[in-house]
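One structure is given here, and the rest of the page talks about it.
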Amino acid sequence: EAAIGGHPDARHNLGCIEEDDYNIVRAVKHWIIAATQGHDSSIEALMSAFKGGEVRKDVLAAALRAHKTAVDATKSPQRDAAEEY
């Protein structure tokens with residue numbers, strides 16, 4: 001339910017479950033969705049899958065761009081000041 005609702009942690013966890021069940025194609029789909037929402041561990045999982053030859057370079061590049069866009073969208077001067085505090 002949480003994954004359907006758009007929660008990136010839940011989506012990432014579904015990817016891990018699919019990977020454990022040897023459904024790497026489904027796992028990658030879940031990780032891509034979570035990565036586009038700014039989930040760092042999903043990027044790491046995609047990088048690992050890329051190194052294993054399970055993800056194409058263009059797919060990884062698109063996920064990295066979407067991840068950066070999502071992370072940049074959450075940045076603000078207020079958040080930066082709060083982190084420094």
(message) Please report the interatomic distance SG(Cys16) to CZ(Arg11), rounded to the nearest 0.5 Å.
(response) 13.0 Å
(message) Once rounded to the nearest 0.5 Å, what's the spacing between atom CZ of Arg26 and atom CD of Glu19?
(response) 14.0 Å
(request) Apply the test side-chain contact (heavy atoms from CB on, under 4.5 Å) to residues His39 and Ile43: give CA-CA distance (whole Å), side-chain angles for both, the deciding distance (0.1 Å), then the verdict. (result) CA-CA 7 Å; His39 196 268; Ile43 286 293; over 6 Å; no
(request) Taking all heavy atoms of Ala34 and all of Ser42, pick out the closest pair and write down the distance. (result) CB-OG, 3.1 Å
(request) Heavy atoms only: give me the nearest Ala70-Gln37 pair and the separation to one decimal. (result) CB-C, 3.8 Å
(request) List the steps, then state whether side-chain contact (heavy atoms from CB on, under 4.5 Å) holds for Met47 with Leu60. (result) CA-CA 7 Å; Met47 295 283 261; Leu60 178 61; 3.7 Å; yes
(message) Return the NE2 to OG1 distance between His67 and Thr36, rounded to the nearest 0.5 Å.
(response) 9.5 Å
(request) Search all heavy atoms of Ile24 against all heavy atoms of Trp31 and return the closest pair with its distance. (result) CD1-CZ3, 4.2 Å
(message) Using side-chain heavy atoms (C-beta onward) and a distance below 4.5 Å, is His12 in contact with His30?
(response) no
(message) Using modelled atom types and a 3.5 Å cut-off, is there a donor and acceptor pairing between side-chain atoms of Ser48 and backbone atoms of Glu44?
(response) no
(request) Identify the two heavy atoms, one from Thr74 and one from Val71, that lie closest to each other, and give their separation to 0.1 Å. (result) OG1-O, 2.7 Å
